[in-house]
Amino acid sequence: SCTQGRLDGFFKVL
Amino acid sequence: MFEARLVQCSMLKKVLEAIKELLNEATFDCSDAGIQLQAMDNSHVSLVSLNLRSDGFDKYRCDRNLSMGINLASMTKIMKCAGNDDVLTIKAQDNADNVMFMFESQNQEKVSDYDMKLINLDQEHLGIPETDYSCIIKMPSGEFARICRDLSQFGESVVISCTKEGVKFSAAGDVGAANIKLAQTANVDKEEEAVTIEMQEPVTLTFACRYLNSFTKATALSPQVQLSMSADVPLVVEYKIGDFGHIRYYLAPKIEE
């Protein structure tokens with residue numbers, strides 16, 4: 001089974 | 001002041017359709033270059049990035065940068081009042097707390113205006129890193145919507161597997177398993193019917209059906225969709241919007257436990 005990843009960390013807060 | 005005129009207001013109706021399932025509210029950033037919107041859904045699994053260039057509009061004026069926080073349900077109510085062939089003008093004063101939508105019928109015999117309150121949204125602006133993708137798949141947007149709809153009957157997840165030969169979409173669950181393979185098209189009469197694959201390295205990633213299905217609400221905006229994938233980075237699903245720009249959706253993959 002797998003868990004849903006998140007986008008936090010991929011995008012940088014400007 | 002800000003003023004944007006659009007002869008065919010159906011484009012904005014379609015854009016709204018394409019974002020309102022994922023987002024309750026969003027900031028429309030208006031500048032000389034055009035209108036941009038960037039927002040993650042509440043669970044931070046997907047991100048919507050919309051870019052409408054000013055030169056796509058029939059008239060566009062933006063004296064000062066303006067960020068309009070908009071409740072998308074409210075905007076949907078207003079856009080429902082417009083006919084598809086109406087001419088739309090969006091107007092806002094600098095630092096205004098409201099925005100006006102004006103709809104004119106083609107024969108100019110009916111003119112309606114709707115004033116909408118803006119909301120304060122404290123949204124972060126995110127930098128999207130430049131990424132070289134291992135696989136870029138272009139395919140008819142209707143076909144992608146069909147595949148997402150069909151496979152979501154079988155499971156919550158879709159595995160997208162791209163090789164040089166083609167792309168495979170798979171789902172499995174209580175009913176059984178489903179696999180849909182698309183090969184690159186050899187010859188097509190129309191460019192928009194083509195399936196093309198640019199592959200540096202094969203990639204297999206798993207994504208939640210629910211989000212993919214939400215992205216396909218943008219199907220009416222473009223006959224083609226582009227999927228960009230690399231291992232361990234978000235999928236990008238891009239729909240071009242005619243002369244305006246694009247809407248891109250980013251989706252975090254599911255991770256093997």
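A note on names: the letters A, B, ... follow the listed sequences, proteins ahead of strands, and every chain is numbered from 1. Side chains are part of it too, since the values below use all heavy atoms of this structure and drop only hydrogens, waters and symmetry mates. All of these numbers come straight from a predicted model, not from anything done at the bench.
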Task: Steps toward ring-ring contact (aromatic ring centres under 6.0 Å, His included) verdict (Y250(B), F10(A)) - done: CA-CA 10 Å; Y250(B) 292 79; F10(A) 180 72; 7.0 Å; no

- [ ] Below 4.5 Å from any heavy atom of chain A, which atoms of T131(B) appear? Answer side chain, backbone, both or neither.
- [x] side chain

Task: Atom CG of D94(B) with >12 non-hydrogen neighbours under 6.0 angstrom - done: yes

Task: 4.5 Å side-chain heavy-atom contact, Q4(A) and I255(B) - done: no

Open item on the list: On a heavy-atom basis, which atom in K254(B) and which in C2(A) lie closest, and how many Å separate them?
Closed with: CB-SG, 4.0 Å

Task: Value rounded to 0.5 Å, distance of CZ in F11(A) from CD in Q38(B) - done: 7.5 Å

TODO: Answer yes or no: is there a side-chain heavy-atom contact under 4.5 Å between M40(B) and L7(A)?
DONE: yes

